[in-house]
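Keep in mind that this is a model prediction, so the values were computed, not measured. FYI, side chains are in, hydrogens and waters are out, and symmetry mates aren't considered; it's all heavy atoms of this structure. The sequence lines fix the lettering, A, B, ..., with proteins before strands; numbering per chain opens at 1.
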Protein chains: 2
Amino acid sequence: MRQVLGASSLAEQVTEAVREAIRSGELRAGELYSVYQLAERLNVSRTPVREALLGLAETGLVRFERNRGFRVVRRDPKDIAEVFHLRLLLEVPAARLAAMNAAPLDGLRAELAAMRTAAEDHDEPRFMSHDRAFHDLLLLAGGNAKLAGIVRGLRDATIALGASTADRSRSLSDIADEHEPILAALAAGDADGAAAAVRAHAAHTGELLLAQVAAENGTPVDPADADLIRSALFLS
Amino acid sequence: MRQVLGASSLAEQVTEAVREAIRSGELRAGELYSVYQLAERLNVSRTPVREALLGLAETGLVRFERNRGFRVVRRDPKDIAEVFHLRLLLEVPAARLAAMNAAPLDGLRAELAAMRTAAEDHDEPRFMSHDRAFHDLLLLAGGNAKLAGIVRGLRDATIALGASTADRSRSLSDIADEHEPILAALAAGDADGAAAAVRAHAAHTGELLLAQVAAENGTPVDPADADLIRSALFLS
DNA sequence: AGCTGACATGTAGCATGTTACATGTCAGTG
DNA sequence: CACTGACATGTAACATGCTACATGTCAGCT
């Protein structure tokens with residue numbers, strides 16, 4: 001682990017390692033772990049591990065229990081609903097503003113193209129990386145860097161527990177398709193169209209994810225959760 | 001410092017102490033400090049100080065510079081604009097939803113009353129605490145706890161550097177007054193009215209703060225900053 | 001059996017030792 | 001005078017030692 005070139009701090013590397021471990025299911029939600037064990041497994045001292053976990057605790061991914069250990073927080077459908085409610089409230093206006101300012105069309109086209117080739121290769125990590133870059137570009141074009149940062153955090157929080165619709169509810173190329181109307185509207189300078197396209201994309205993703213998580217739990221979708229997402233539709 | 005009852009961890013106490021030190025100007029923005037010095041001044045070891053600062057770094061209040069120290073981040077008008085743009089996008093829909101659901105009118109009335117008595121006593125900390133509680137209640141009534149948390153963070157980030165309009169641009173009782181229309185609209189179940197009242201309150205605060213910071217710097221308000229705030233008016 | 005309390009176990013939280021490195025300084029060189 | 005590079009200084013980042021405490025366990029008692 002030591003002396004890995006290109007990465008800045010050990011703590012950051014541990015953060016990524018833990019995120020990945022949660023995604024892969026190596027660290028199970030609800031289970032109790034300790035900084036000691038984890039540090040030993042990663043071959044680093046406890047300090048950077050603790051620092052990484054403190055950071056993740058602040059974003060709500062894990063929780064410390066004094067003198068007992070830490071726990072990966074269990075995500076429930078309500079979390080999904082809240083995240084997509086928020087994303088609609090933030091991403092839709094950002095898209096509208098991006099259309100009104102000058103959207104970075106070339107960059108967006110490049111990311112979408114990269115998503116398509118990644119989809120053909122069935123390379124989900126690469127696909128997700130470009131998906132993320134696409135949305136990042138769009139959000140930054142809205143003119144509010146803090147907003148972009150918050151949405152980025154929301155995306156990471158949901159992805160961290162494998163909450164992805166890719167190749168479950170939708171194929172990768174289906175997802176890429178949903179970005180076309182966004183790009184088209186931006187190219188046309190159509191603010192309403194861009195807003196509508198982003199709204200449709202985000203709402204669709206949210207509802208699929210909600211249904212998927214409900215199915216995993218074997219329970220029906222709580223209408224309140226679906227309503228929370230939908231309530232953001234006419235508010236944005 | 002040790003063994004302070006009622007507070008959970010040393011790191012959290014240090015977090016508060018640093019926040020307060022920034023507010024009071026004891027720690028000046030832009031200046032370089034070290035964990036060593038700070039730990040000595042607070043009579044605790046470096047570890048909890050470092051942990052506290054790492055947390056504050058994550059919220060953007062300070063920044064670490066490797067092998068040099070840490071710096072209190074300087075807030076510029078653009079930050080103010082971004083924060084209020086975000087608050088408008090989030091608080092206005094939340095108010096609308098709160099009006100449509102059942103707003104916790106009793107609690108809100110109690111907080112507003114407490115704000116009034118604090119205003120009479122010219123007790124700004126107490127006033128701010130109830131102001132915060134008022135907005136917290138309102139946001140939670142919107143039904144999205146994560147949204148409430150994010151807005152809370154945005155509020156904290158701005159007040160941490162004394163960025164308050166209280167008794168500069170407005171008296172405390174002026175600020176209390178601005179909450180009346182919100183409460184009235186909520187009591188009447190008037191969603192549009194509640195949205196408009198919150199929008200007016202937030203936009204007003206943002207513009208005053210922008211002007212105030214510009215005046216401190218002796219520069220005119222950057223139109224782009226004012227536009228960013230205003231752009232959220234017709235988006236929410 | 002049901003209860004109680006001493007004790008073993010394992011941990012977060014805190015303190016402190018150690019290391020690599022970014023910068024400022026300043027003598028030595030052209 | 002300008003420029004270079006060895007060195008001193010101070011620091012974040014990391015490693016490790018220490019302590020109080022929350023919990024599980026289990027013998028001893030009723």
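With C:dT16, D:dG10, C:dA12 as the candidates, the nucleotide lying closest to the side chain of A:R50 is C:dA12. Nearest to the side chain of A:F64, among C:dA12, C:dA22, C:dT11, sits C:dA12. Of the candidate nucleotides D:dT16, D:dA13, C:dT11, D:dT16 has the atom lying nearest to any side-chain atom of A:S45. Closest to the side chain of B:F70, from the set D:dC14, C:dC14, D:dA12, is D:dA12.
Not counting sequence neighbours, B:N67 has no partner by the side chain to side chain contact (heavy atoms under 4.5 Å, CB included) test. Every residue two or more places apart in sequence or in another chain that forms a side chain to side chain contact (heavy atoms under 4.5 Å, CB included) with B:A133 is listed here: B:E111. By the side chain to side chain contact (heavy atoms under 4.5 Å, CB included) test, B:L140 pairs with B:A145, B:A148, sequence neighbours left out. Considering only residues two or more places apart in sequence or on other chains, B:A202 meets the side chain to side chain contact (heavy atoms under 4.5 Å, CB included) condition with B:L88. Annotation: ring-ring contact (aromatic ring centres under 6.0 Å, His included) contacts of B:H201 (sequence neighbours excluded): B:H135, B:H179.
Each of A:N67 and A:E51 was assigned the nucleotide of DNA chain D with the nearest heavy atom; the assignment lying further toward the 5' end belongs to A:E51. Each of A:A11 and A:R68 was assigned the nucleotide of DNA chain D with the nearest heavy atom; the assignment lying further toward the 5' end belongs to A:A11.
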Contacts under 3.5 angstrom, residues 34-42 of chain B side chains, donor-acceptor by atom type, not counting sequence neighbours:
| residue | atom | partner | partner atom | Å |
| --- | --- | --- | --- | --- |
| B:S34 | OG | B:Y36 | N | 3.3 |
| B:S34 | OG | B:Q37 | N | 3.1 |

N/O to N/O distances under 3.5 Å, protein versus nucleotides 6-8 of chain D:
none

Contacts under 3.5 Å, N or O only, protein and nucleotides 17-19 of chain D:
| residue | atom | partner | partner atom | Å |
| --- | --- | --- | --- | --- |
| D:dG17 | N7 | A:R46 | NH2 | 3.3 |
| D:dG17 | O6 | A:R46 | NH2 | 2.4 |

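Counting heavy atoms from C-beta on, the side chains of B:R50 and B:L53 never come closer than 4.5 Å.
Nucleic acid contact for A:S34: sugar-phosphate only, since backbone atoms but no base atoms lie under 4.0 Å from a heavy atom of the residue.
No N or O donor and acceptor, one from the side chain of A:S9 and one from the base of D:dA13, sit under 3.5 Å apart.
A:Q37 has its CD atom 10 Å from the C1' atom of C:dT11, to the nearest Å. The CZ-P distance, from B:R63 to D:dA12, rounds to 15 Å in whole Å. Here C:dG10 presents its C1' atom at 17 Å from OH of A:Y33, a figure rounded to the nearest Å. If you take CG of A:L10 and P of C:dC21, they are 13 Å apart, rounded to a whole angstrom. Between B:E65 atom CD and C:dA22 atom P there is a gap of 12 Å when expressed in whole angstrom units. For the pair A:E40 CD and D:dT16 C1', the computed distance is 14 Å after rounding to whole Å. Summarising the geometry, the separation between CG on A:N43 and P on D:dC14 is reported as 15 Å, rounded to the nearest angstrom. Protein atom CG of B:L38 is 13 Å distant from nucleotide atom P of C:dA15, rounded to whole Å.
For residues 54-66 of chain A, the side-chain hydrogen bond (donor to acceptor under 3.5 Å, both in side chains) pairs, not counting sequence neighbours, are A:E65-A:R71.
A salt bridge does not link A:K78 to A:D222: none of the charged nitrogens lies less than 4.0 Å from a carboxylate oxygen. Under the 4.0 Å criterion applied to side-chain N and carboxylate O atoms, A:E16 and A:R23 are assigned as salt-bridge partners.
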